[in-house]
Every structure is written in C-alpha cells, then in structure tokens.
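Just so it is clear, the model here is predicted, and its values are computed rather than measured. Numbers for residues simply follow the sequence, beginning at 1.
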Amino acid sequence: MASSSGNSGCDEVLMVVDERKRKRMQSNRESARRSRMRKQKHLDELVCQVTQLKKENSNILSSINMTTQQYAKVEAENSVLRAQMMELSQRLQSLNEILSYINNSNMNNNNIINHQEDFQINPWNLMYVNQPIMASADMLYQY
C-alpha cells in the first residue's frame with residue numbers, strides 16, 4: 001500500500017505541474033493573440049496614415065502644378081509688357097528728339113511763331129508749344 005500511496009502523491013505532483021503548464025500555455029496563447037491583434041491594429045493605422053499622406057501629397061502636387069502654370073503665365077505677360085514698355089520708351093525718345101530738333105531749327109532760323117498770331121489761328125496750340133512728351137512706365141500698367 002505504501003507504494004500505491006507513493007504513486008498517488010507523485011501523480012498529484014505531476015497533475016499539478018501539468019495543470020500549471022497547461023495554464024501557462026493557455027496564458028501564452030492568449031498573450032500571443034493579443035500581441036497579434038495589437039500588431040494588426042498598428043498595421044491598419046499605418047495603412048490608413050499612408051493613404052491619408054498620399055492624398056495630401058497628391059493635393060500638394062496639384063497645387064504646385066497650378067501655381068507653376070500661373071507663374072509661367074504671369075512671367076509671359078510680364079515679358080510682353082516689358083517689350084511694350086521698351087518700344088514705347090524708344091518711340092518717346094524719338095519723338096522728343098524730333099521735337100528738340102524742330103525747336104532748335106526754329107530758333108536757329110529765327111522762325112519763331114508769334115504766339116498771338118498762333119493763338120488767333122489755333123488757340124489750342126499755345127498749350128503745346130515746346131513741350132516734350134512725358135510718359136512713365138506706370139502708364140503701361142493701367143488697363
């Protein structure tokens with residue numbers, strides 16, 4: 001009988017060890033399951049974040065493209081206006097040179113017009129006698 005009770009105590013110890021081992025395995029499985037769930041949740045959040053960042057990136061690229069197109073358009077308009085300004089400046093300079101030449105030749109030849117006679121012929125001429133043409137770049141930007 002002593003051997004049967006000895007076996008019984010050993011069996012109980014083995015059962016307790018087996019029960020602890022089974023509980024630990026169950027706990028490890030549950031812990032691993034929770035870990036996999038956390039990893040999956042984190043992965044889902046990252047995928048969502050990637051999607052959002054791609055959308056923002058697309059919007060930014062679209063905005064950059066639109067701004068670049070507007071810049072090119074304004075730059076082209078600016079070039080046209082600069083060319084027009086140069087042309088008008090050259091015309092103005094030529095007209096002022098012509099006026100200066102006419103005024104100098106009139107003075108040199110003593111062909112000065114009597115202002116009273118000129119006024120009787122065309123009263124508007126008095127306002128413009130010997131007046132240079134004046135213009136500024138600001139005039140070009142008025143629409």
Side-chain angles (χ1 to χ4, degrees), residues 4-143:
S4 77
S5 75
N7 279 344
S8 163
C10 191
D11 286 340
E12 282 182 32
V13 170
L14 285 176
M15 285 178 42
V16 169
V17 169
D18 284 343
E19 183 64 22
R20 285 182 185 165
K21 194 185 252 187
R22 188 187 61 74
K23 285 183 180 180
R24 191 171 61 244
M25 285 176 56
Q26 183 64 27
S27 174
N28 286 346
R29 285 182 187 138
E30 186 61 28
S31 177
R33 186 184 67 78
R34 287 192 308 266
S35 177
R36 286 190 302 272
M37 288 177 62
R38 279 194 307 271
K39 282 183 181 179
Q40 186 62 46
K41 182 180 177 185
H42 185 63
L43 181 63
D44 291 345
E45 289 171 354
L46 290 176
V47 167
C48 184
Q49 187 178 5
V50 165
T51 302
Q52 180 64 28
L53 290 174
K54 283 182 178 180
K55 183 178 178 182
E56 287 178 22
N57 192 31
S58 176
N59 289 340
I60 289 171
L61 287 175
S62 177
S63 177
I64 287 173
N65 288 337
M66 190 180 346
T67 302
T68 302
Q69 289 173 356
Q70 289 174 346
Y71 173 78
K73 181 181 174 185
V74 168
E75 189 66 30
E77 290 174 1
N78 197 16
S79 294
V80 168
L81 289 174
R82 282 187 182 135
Q84 289 174 346
M85 183 180 74
M86 292 298 292
E87 182 183 345
L88 290 174
S89 294
Q90 289 172 352
R91 286 184 186 180
L92 178 63
Q93 183 178 358
S94 296
L95 290 173
N96 280 331
E97 288 173 3
I98 290 169
L99 281 176
S100 177
Y101 176 77
I102 290 171
N103 288 336
N104 287 336
S105 69
N106 281 342
M107 286 182 171
N108 290 339
N109 294 330
N110 292 324
N111 291 331
I112 300 174
I113 300 172
N114 186 340
H115 293 298
Q116 287 180 338
E117 292 175 7
D118 189 38
F119 181 72
Q120 290 171 354
I121 295 170
N122 187 352
W124 293 105
N125 283 342
L126 277 180
M127 291 200 278
Y128 303 106
V129 173
N130 297 330
Q131 294 293 319
I133 298 173
M134 301 300 256
S136 70
D138 294 334
M139 292 177 61
L140 297 175
Y141 297 108
Q142 296 174 355
Y143 296 126

Exercise for the section: Given side chain to side chain contact (heavy atoms under 4.5 Å, CB included), test Asn57 with Leu61 step by step and report yes or no. Expected result: CA-CA 6 Å; Asn57 192 31; Leu61 287 175; 4.2 Å; yes

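To the nearest 0.5 angstrom, Ser31 atom OG is 9.5 Å from Arg36 atom CZ. Rounding to the nearest 0.5 Å gives a distance of 11.0 Å between CG of Leu99 and OG of Ser94. Rounded to the nearest 0.5 angstrom, Leu46 CG and Thr51 OG1 are separated by 10.5 Å. Put simply, CG on Leu92 and CD on Glu97 are 10.0 Å apart, with the number rounded to the nearest 0.5 Å. One distance of note links CD of Glu30 with NZ of Lys23; it measures 15.0 Å at 0.5 Å rounding. In this structure, the separation between CE on Met37 and NE2 on His42 is 15.5 Å, given to the nearest 0.5 Å.
Defined by atom type and a distance below 3.5 Å, a donor-acceptor pair is present between the side-chain atoms of Asp44 and Gln40.
Using a 4.5 Å heavy-atom cutoff, the side chains of Ile64 and Ile60 are in contact. Residues Leu43 and Lys39 have side chains not in contact (no heavy-atom distance under 4.5 Å, counting atoms from C-beta outward).
No donor-acceptor pair under 3.5 Å is formed between the side chain of Ser62 and the backbone N or O of Ser58. Between the side chain of Asn104 and the main chain of Ser100, a donor-acceptor pair closer than 3.5 Å is present.
The side-chain contact (heavy atoms from CB on, under 4.5 Å) test with Ser89 singles out one residue from Glu87, Met85, Arg91, Gln93, and that residue is Met85.
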